[in-house]
There are 2 protein chains.
Amino acid sequence: MRTLEHPSPADFDLDAVLSALADPVRRMIVCQLADGHQDQACIAFALPVGKSTSTHHFRVLREAGIIEQRYQGTAILNSLRAADLDTRFPGLLAAVLASARGPVSPR
Amino acid sequence: MRTLEHPSPADFDLDAVLSALADPVRRMIVCQLADGHQDQACIAFALPVGKSTSTHHFRVLREAGIIEQRYQGTAILNSLRAADLDTRFPGLLAAVLASARGPVSPR
DNA sequence: CCGTTTGTACGAACACCTTCGTACTACGAC
DNA sequence: GTCGTAGTACGAAGGTGTTCGTACAAACGG
């Protein structure tokens, strides 16, 4: 079985996390994960880039500690490491997610 | 009198703000501003880069809407636009500042 | 075994970002 | 007017990041 490297919360780096979240494609991934796309394969995400570019972005997110990736067959199940992020950078993910939702949509 | 362009909160762009905050030198500036360096000249900040590079970083922060710059003589007074940022991206600046203070330093 | 699906590795192209040095401008003080 | 201070403009160098296409590997199903 193939496994993937994940940093532990103590090794999270603010630079890496902010750089990761600064890219629009990666924010799309994070937003879709937060919108109930938990445990979906990379291919299930709607992204405006090719397959190898997609791989690249998922890896950047994983190496920053923002997502967890688990092999299941030939696919990878992706999930947000919301709790881990919050222990190290409290409120950061929530603020970025809320900001990414659009200007001010009180619904 | 020279004036400098500042975006209004409605024009703030999450991409620009996160990209700006993703750079370590710019986070130093923001942290020093939050640490009571309000209304200080650019030259008063402790930064590990040359003068022209410093100018570049201050401009990036200003154009993202993170700081306000006001001429006073030959100097520029810099201040954090904390309130403006908070209306557009609530909690974002606070979360980044708290995260930048170091892992977990309850003092 | 063979084919399909899912993702990776690799290299190349291209753009952008950070950094610097030098020359310059604007303002204030003398 | 002249000088010093604070910051800008400009160009160049070097690194890094995003993107793609193509070729490849790993797991599953029949």
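Order of the sequence lines fixes the chain letters, A, B, ..., with proteins taken first and strands second; residue numbering starts at 1 for each chain.
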Working to the nearest 0.5 Å, report the span between CD1 of A:Ile67 and CG of A:Asp84. 13.0 Å
Set of residues satisfying side chain to side chain donor-acceptor pair (under 3.5 Å) with respect to B:Asp23, sequence neighbours excluded: none
Residue list, side chain to side chain donor-acceptor pair (under 3.5 Å) with B:His57, at least two apart or on another chain: B:Arg26
Separation of atom CZ in B:Arg62 from atom P in D:dG7, rounded to whole Å: 12 Å
When the distance from CD of B:Gln72 to P of C:dG28 is rounded to whole Å, what number comes out? 9 Å
Note: contacts of residues 48-60 of chain B with DNA chain C (heavy atom, under 4.0 Å) are B:Val49, B:Gly50, B:Ser52, B:Thr53, B:His56, B:His57
If you look only at pairs with a residue in residues 15-34 of chain B, which of them pass as a ring-ring contact (aromatic ring centres under 6.0 Å, His included), with sequence neighbours excluded? none
Taken to the nearest whole Å, OH/B:Tyr71 to C1'/C:dA26 is 8 Å
Give the rounded distance in Å between these two atoms: CG of A:Leu77 and C1' of C:dT6. 12 Å
Sequence neighbours excluded, which residues qualify as salt bridge (Lys or Arg N to Asp or Glu O under 4.0 Å) partners of A:Asp35? A:Arg101
In residues 14-44 of chain B, what residues come within less than 4.0 Å of DNA chain C, judged by heavy atoms? B:Asp23, B:Val25, B:Arg26
How many Å lie between CD1 on B:Ile76 and P on D:dT5, as a whole number? 18 Å
Set of side chain to side chain donor-acceptor pair (under 3.5 Å) partners for A:Gln32, sequence neighbours left out: none
Please report, rounded to the nearest Å, how far the C1' atom of C:dG7 is from the CD atom of A:Glu5. 18 Å
For B:Asp15, what residues pass the side chain to side chain donor-acceptor pair (under 3.5 Å) criterion, not counting sequence neighbours? A:Arg27
Residues that A:Phe58 engages under ring-ring contact (aromatic ring centres under 6.0 Å, His included), provided they are two or more places apart: A:Phe45
Nearest-Å distance, CZ (B:Arg2) to C1' (C:dC27)? 6 Å
